[in-house]
Amino acid sequence: MPQPRFNAVGSDKEAYPDERRESKHLSANLTLGVVRPLCSPIDDTMRRAIQAGFVLFLATSLLVCCFPSFAAAQDQQQPTIRFVRNPDLAPDFKLTSLDGKPITLAGSKGKVTLLNFWATWCGPCRAEIPDLVDLQNKYKERLQILGLVVDDEDQDAIKEFAEKFGINYPVAIAGDDVRVQYGGIGALPTSFVLNAEGRIVQKHEGLRDPLLYETEIRSLLGLPIGNIKVETFDDTGQIFLKNAERASELPGVDLSKLTPEQKAVALHKFNAETCTCGCKYTLAQCRIYDRNCQISKTSTGKIVAALAHPAPAKSEPAAPPPKEKEK
């Protein structure tokens with residue numbers, strides 16, 4: 001079983017008081033698009049960056065109003081959210097919450113669900129909890145957040161932590177079996193966004209701008225999201241590692257020098273050979289799961305090099321001339 005490799009870097013009226021104002025607010029601020037580090041607290045530098053982004057947004061808005069030609073160029077930079085085109089069902093599980101109640105995905109059927117894998121020692125995890133609490137409050141009738149803890153801390157310590165932070169959604173300890181079902185959880189926090197049918201439409205690693213989550217949630221609920229574009233993509237391992245076999249490109253692997261036929265052979269080998277780093281994944285899965293793995297990087301590089309520059313075939317020694325028959 002692969003071991004987790006945590007990348008610790010860092011009534012409807014009440015819920016939706018003013019839909020038009022809300023959607024305008026989302027489309028305006030999503031342009032900031034701040035993707036925060038994995039596992040590290042928000043610092044003054046980050047706050048200054050967000051403020052600078054807001055000033056840039058105001059300046060851009062003035063240009064759009066005064067210069068129509070600039071507005072056309074802005075269409076190329078329209079804020080966008082992305083969902084999996086044909087999403088897979090999320091693996092169900094049976095866990096017990098900190099207050100002793102059963103937690104299953106079936107219990108959230110019909111709601112948008114946010115599965116949040118986190119740990120009490122993870123700075124970014126702690127930083128995003130207030131935002132998740134706000135989202136659960138705001139969309140409580142149609143959203144269910146589930147906090148899955150990967151801590152080794154005892155349950156009482158986690159319960160005390162949850163009470164201190166005012167967590168208002170179910171929290172349970174996720175064992176190795178649940179982590180493996182969801183791809184190993186190589187970074188914290190990691191969140192999976194599920195539609196109302198229980199299918200995973202997006203996965204986010206690291207501390208994200210809460211406006212991104214809110215925009216995705218509103219889109220899945222059929223609520224206005226302003227001038228924000230919704231795109232779809234095929235899951236080639238970004239969500240489930242098992243889908244790495246669909247990938248035509250892999251992180252850190254240069255296939256540009258191969259012919260289409262050679263590329264097909266290389267991809268087949270990447271999905272057929274197991275990485276020897278201990279992850280028990282294929283080379284393709286390991287490249288997606290752990291981009292820093294030097295073993296899978298070296299192994300895939302050797303396969304590409306062998307196909308791009310095949311060794312010349314050894315020529316067989318010439319057969320000796322037939323002996324002349326003695327007269």
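Because the structure is a prediction, the values reported are computed rather than measured. Because only heavy atoms are used, hydrogens play no part in the values below, and waters and symmetry mates are left out as well, while side chains stay in.
Side-chain contact of R287 with Y281: a donor-acceptor pair under 3.5 Å is absent, judged by distance alone. Looking at T236 and D234, their side chains never bring a donor and an acceptor atom within 3.5 Å of each other.
For the pair Q238/R82, no side-chain contact is recorded, criterion being any heavy-atom separation below 4.5 Å from C-beta on. In this structure the side chain of I288 reaches within 4.5 angstrom of the side chain of L250, judged on heavy atoms. The shortest distance between side-chain heavy atoms of I185 and V178 does not fall below 4.5 Å. Side-chain contact check for V304 versus D254: every heavy-atom pair is 4.5 Å or farther apart. Contact annotation: the side chain of Q136 approaches that of Q144 to within less than 4.5 Å [non-hydrogen atoms, C-beta and beyond]. Contact annotation: the side chain of R142 never approaches that of V112 to less than 4.5 Å [non-hydrogen atoms, C-beta and beyond]. Counting only heavy atoms from C-beta outward, the side chains of E249 and K263 approach each other to under 4.5 Å. By the 4.5 Å heavy-atom criterion applied to side chains, E273 and I303 are counted as neighbours.
Going from atom CG of L115 over to atom CG of L105 covers 5.5 Å, rounded to the nearest 0.5 Å. The CG atom of D92 sits 11.0 Å away from the NZ atom of K109 when rounded to the nearest 0.5 Å. The line from CD1 of I200 to CG of D88 is 8.0 Å long, rounded to the nearest 0.5 Å. Atoms CD and OG, on Q202 and S191 in that order, are 10.5 Å from each other to the nearest 0.5 Å. Here OG of S219 is found 13.5 Å from NZ of K229. Values are rounded to the nearest 0.5 Å. Interatomic distance, CG of N137 versus CG of N168, reported as 4.5 Å (0.5 Å rounding).
Judged purely by atom type and a 3.5 angstrom limit, D151 uses its side chain to pair as donor or acceptor with the backbone of T120. Formation of a donor-acceptor pair under 3.5 Å by the T80 side chain with backbone atoms of Q78 is found in this model. With hydrogens and angles ignored, the 3.5 Å screen pairs a side-chain donor or acceptor of D235 with a backbone N or O of F240. The backbone N or O of T232 lies less than 3.5 Å from a partner atom in the side chain of R85, making a donor-acceptor pair. Between the E128 side chain and the L207 main chain, no donor and acceptor come within less than 3.5 Å of each other. With hydrogens and angles disregarded, no donor-acceptor distance shorter than 3.5 Å links the side chain of R246 to the backbone of G237. Checking side-chain atoms of D290 against main-chain N and O of C286 turns up no donor-acceptor pair under 3.5 Å. For the pair T300 (side chain) and K297 (backbone), a donor-acceptor distance under 3.5 Å is present.
Shown here is K111, whose NZ atom has more than 12 heavy atoms of other residues, nucleotides or ligands within 6.0 Å. At most 12 heavy atoms of other shown residues, nucleotides or ligands fall within 6.0 angstrom of atom CZ in R291. Within 6.0 Å of NZ on K269 lie no more than 12 heavy atoms contributed by other residues, nucleotides or ligands.
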When you look at S108 and L146, which way does the side-chain contact (heavy atoms from CB on, under 4.5 Å) test go after all the steps? CA-CA 9 Å; S108 303; L146 298 176; 4.3 Å; yes

Output, in order, the C-alpha distance, side-chain angles, deciding distance and verdict of side-chain contact (heavy atoms from CB on, under 4.5 Å) for C275 and C293. CA-CA 10 Å; C275 184; C293 178; 4.1 Å; yes

Go through it in stages, so that I can follow the logic: the residues are L114 and F192, the test is side-chain contact (heavy atoms from CB on, under 4.5 Å), and I'd like the CA-CA distance, side-chain angles, deciding distance and then a yes or no. CA-CA 6 Å; L114 184 66; F192 294 85; over 6 Å; no

Quick one: do L148 and L95 satisfy side-chain contact (heavy atoms from CB on, under 4.5 Å)? Show the steps, please. CA-CA 9 Å; L148 304 183; L95 300 173; 3.8 Å; yes

Under the criterion salt bridge (charged side-chain N to carboxylate O under 4.0 Å, His left out), I'd like the reasoning laid out for R179 against D176: C-alpha separation, chi angles, the key distance, then a yes or no. CA-CA 5 Å; R179 302 179 206 177; D176 288 345; 3.5 Å; yes

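Across T96 and A172, no two heavy atoms sit closer than the pair O-CB, 3.4 Å. Heavy atoms only, all atoms of each residue included: L143 and L135 are closest at CD2-O, 3.6 Å. Across every non-hydrogen atom of V133 and G166, the tightest pair is CG2-O, 3.6 Å. Across S97 and Q155, no two heavy atoms sit closer than the pair O-NE2, 4.2 Å. Across F83 and E216, no two heavy atoms sit closer than the pair CZ-O, 3.8 Å. Closest of all the heavy-atom pairs between E245 and K242 is CG-O, 3.8 Å.
If you run ring-ring contact (aromatic ring centres under 6.0 Å, His included) between W118 and each of F165, Y169, F161, only F161 comes through. Across T215, L220, I225, a single residue satisfies side chain to side chain contact (heavy atoms under 4.5 Å, CB included) together with V230, and that is I225.
A tilted orientation is assigned to the rings of F117 and Y182, their planes being inclined by 30° to 60°.
Two different hydrophobic clusters hold I295 and V253 under the rule that ILVMFWY side chains link at heavy-atom gaps under 4.5 Å.
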